*Asks:* 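Here it is, the structure, as structure tokens.
Predicted model only: the values in this text are computed from it and were never measured. So that the names make sense, note that chain A is the first sequence line, chain B the second, and so on, each numbered from 1.
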Number of protein chains: 4
Amino acid sequence: MGSMEPLVIAGTSFRSRLIVGTGKYKDGAETKAAVEASGAEMVTVAVRRVNLDRSKESLLDFLDPKKLFLLPNTAGCYTAEEAIRAARLGREVGLSDWVKIEVIGDQATLYPDVQATLEATKVLVKEGFTVLPYTTEDIVFAKRLIDVGAAAVMPLGAPIGTGLGLQNITGLRILRELITEVPLIVDAGVGTASDAALAMELGFDAVLMNTAIALADDPILMAEAMRHAVIGGYQARLAGRMPRKLYASASSPMEGISR
Amino acid sequence: MGSMEPLVIAGTSFRSRLIVGTGKYKDGAETKAAVEASGAEMVTVAVRRVNLDRSKESLLDFLDPKKLFLLPNTAGCYTAEEAIRAARLGREVGLSDWVKIEVIGDQATLYPDVQATLEATKVLVKEGFTVLPYTTEDIVFAKRLIDVGAAAVMPLGAPIGTGLGLQNITGLRILRELITEVPLIVDAGVGTASDAALAMELGFDAVLMNTAIALADDPILMAEAMRHAVIGGYQARLAGRMPRKLYASASSPMEGISR
Amino acid sequence: MGSMEPLVIAGTSFRSRLIVGTGKYKDGAETKAAVEASGAEMVTVAVRRVNLDRSKESLLDFLDPKKLFLLPNTAGCYTAEEAIRAARLGREVGLSDWVKIEVIGDQATLYPDVQATLEATKVLVKEGFTVLPYTTEDIVFAKRLIDVGAAAVMPLGAPIGTGLGLQNITGLRILRELITEVPLIVDAGVGTASDAALAMELGFDAVLMNTAIALADDPILMAEAMRHAVIGGYQARLAGRMPRKLYASASSPMEGISR
Amino acid sequence: MGSMEPLVIAGTSFRSRLIVGTGKYKDGAETKAAVEASGAEMVTVAVRRVNLDRSKESLLDFLDPKKLFLLPNTAGCYTAEEAIRAARLGREVGLSDWVKIEVIGDQATLYPDVQATLEATKVLVKEGFTVLPYTTEDIVFAKRLIDVGAAAVMPLGAPIGTGLGLQNITGLRILRELITEVPLIVDAGVGTASDAALAMELGFDAVLMNTAIALADDPILMAEAMRHAVIGGYQARLAGRMPRKLYASASSPMEGISR
């Protein structure tokens, strides 16, 4: 794996381009084992779900902050204000001054509220946070997020918890083509290894996932699968794939196919 | 990678589920480096293209038969007779009594002639060969190949040299669902890492490729990418993926989607 | 075509479920002929592009307001204010108190600014307009548009002028499943007849297109093609399609496949 | 519909490019109504399933041979010999000297036996039949069928009775690009209107279907839908679709995308 360039977000380097969540696991031990198998260095933790006073067993007991970069997220927040409060709380208890902003706008689909996300990002960047917003493939809001100081843009591949894989490949390709200022990370929607590989092949800088690993029949093995898939997709992108043709002796290559 | 079951073909075990060809490389050194990076244990060599008398430099000088399992193939043959002769020649010069049968039926597309493939398979099995035929997703011929003793069935994912990825996922799924007697190997059509991962996720036992690696801008790196992708796809299959839903709170999972 | 239910928007009935634009044609005569061939009853006209004083030849000379329902649109507007002004202008000159709101947020891709679209919709509904906003597949904004009084929701199938067909079928299906208060109309992205048929099969109430017809080699014939495709897709939806199976004797149908 | 060129098979012209089967309907009256609604001129009837002596009610009582061109098919045959016998029987009882050859090679999937199909075609062409063979997307066998005198080549879009739509678009495109001697007709696999439109847009000369209409909730309405879809797809092909772009201002069009 010497052929992996580090992922750099806001000046910080990460060896792995797979970022994993810590929700939906059976227990802390399974969470820990899956995180290790994934090879992820950055791990998200929901501020609202960890036992922050740590008087009793907490998710944090299973995540070694010397080895892992903990990224608090605002899962469960439905307004900019809630997300801002959650971010501040994460910083106050010493978790991090980085935050993944997630503001849900629709309870049925967990689709993000991009406007509230933008507002929260703006406020928190001014307060010195390094903000990684979860958003959609909306290029207009992606640019606005960058304008207000987002350290990365993290569009969904499909709605949270669906496992459908990348649904709007054209939208993702447009983001990749037009956004070069900050890392682009597919966040949500990945269901299996090939989805993660495809995201990397499209040129995304990293992939963030939770349910695909946690709700697999064997989360540890799926975590290992995802580790390989992200490396494979990343290397394939770097390696420069062969041209596509309708058939081998066709005179002209086929261009512009999403996959 | 302790979680990889060995691939067993005709009683022989292979650690890697990636099989690679040796054509189209710049030179022998690049071939050797790509094969090593791929982690493949089984490697195909075209009987008609190797310098069999080995009085001068040969592809075989770069492939260590102690580490690699060389599988002669009949690339370049257009009739059953030519393929049979090539197989026999491969055995006579000590290459192997295994053979990948490839009989091309259409020069423009390199599409296989399944009828001639079946004939050659039948003859060679009777002569004691272990025969791995390259074929299409035609379930009728796949069953006939098994009936005459093929040691595996190797349908194309897309025509040779196109890099289009798996084109007829329904056909491949039908093969996987109805064929359990011998290993099923996707042979041809893979263009990038996610294609290989997808083939494994569909339940194929292995993937055979050549052009996708050899004609990448950086073949060595693409070989490494494919190694990861095959492992990732295989592990994801074993790990049991999460159910798909249209949205997270949808009451029923979505079934039967190819990918 | 007795089997077509009328499309009802804000209490007004339309016989055709195909809505067409009037931009990008060679001349007024071609526009007129294409509109007629399409069978469309509702036709969009860009307020900023028609010659409103009509002292010289105008697009409006070719569109008979007795036969056609002219829907002014705010094409070319980049802010809510511009769109609001354009809508008011369209009403003042007697065009209509209906308006298709289109606020572009990104010049490269012509992707809509959903926030500005929402603001313009809110203002114009209060002023008595019947507002049909062009938007994305964002379910959060779709619901907000309805909350402020939009008479329909018109998500893009793909970015304007791309002809890529429906790119985010999952997003469109979610909209269809969760939105029942107002008509849903695919607006932009259709490239050919099957795209339009598919939109109707997904349950959309109508399809709006311009480039696919105007920039076909033969716009008049493409208009006729689209007329048939929209009717075919609509009838197929109503007729209730056969269940899908992996193969005919498979014991269980396949559910949830987008197409 | 003045813009429809007639479909010409073996010198005979047909106004409609939709060919429909007559199996799986509730009764003769429904069959008749669906055929009429489809606008089809050529209609297939299974030789083995019609009551040929016509002493009692027969499917043929509902199909007016003055208006419809009856094409006997060999549905239910599993060998070349059975198919040949069925074809001869159809001619003997005065049905037709045309025949659609269908030889099933796999009972579970109803996948055709292309080798037996080729043999039956060869024999029957010599006996003066006009033979339309049902086959796969195998280009090698497609060319052999033409070589022995087939009047058309009719590849499956998906296995019979599955309704999955066109599964191997690359294979179908290759057929269309390389076969120009005889009409190409998609036979089997269509599930809904957009599938039929797509087949025509790919350049196929006609579409043959049965289950998609007969097993729709409302077969008559689905027949009408398919009539429109085939016309729409055909006209769209003729009209010359707009170029695809990733976004409107992208400098180069996207080529070679299947759909």
*Asks:* So, for C:A225 and D:G232, which heavy atoms are closest and what is the spacing to 0.1 Å?
*Replies:* CB-O, 3.3 Å
*Asks:* Taking all heavy atoms of D:I220 and all of D:A37, pick out the closest pair and write down the distance.
*Replies:*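 Closest heavy-atom pair between D:I220 and D:A37: O-CB, 3.5 Å.
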*Asks:* Let's test your reading of the structure: which of D:T109, D:T192, D:V230 forms the most heavy-atom pairs below 4.5 Å with chain C?
*Replies:*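 It is D:T192.
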*Asks:* Looking at D:A197, D:A223, D:A229, D:G191, which makes the most heavy-atom pairs under 4.5 Å with chain C?
*Replies:*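 Of the options given, most contacts go to D:G191.
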*Asks:* Flag the one option from D:G161, D:A158, D:G163 with the top tally of heavy-atom pairs under 4.5 Å to chain C.
*Replies:*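 Top count of heavy-atom pairs under 4.5 Å with chain C: D:G163.
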*Asks:* Relative to chain C, which of D:T162, D:T211, D:I160, D:L215 shows the most heavy atom pairs under 4.5 Å?
*Replies:*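 Among the listed options, the one with the most contacts to chain C is D:T162.
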*Asks:* Under a 4.0 Å N-O cut-off, is there an ion pair linking D:E201 with D:R237?
*Replies:* no
*Asks:* Less than 4.0 Å between a side-chain N and a carboxylate O, is that true for C:D187 and C:K100?
*Replies:*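 Salt bridge: yes.
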*Asks:* Given heavy-atom pairs under 4.5 angstrom as the criterion, report whether the side chain, backbone, both or neither of D:L110 touches chain C.
*Replies:* side chain
*Asks:* Out of C:A214, C:P159, C:A216, C:G240, which one racks up the most heavy-atom pairs below 4.5 Å with chain D?
*Replies:*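 Result: the option with the highest number of such pairs is C:G240.
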*Asks:* Are C:E177 and C:R173 ion-paired here, with the side-chain N under 4.0 Å from a carboxylate O?
*Replies:*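 Judged by the 4.0 Å cut-off on N to carboxylate O distance, C:E177 and C:R173 do not form a salt bridge.
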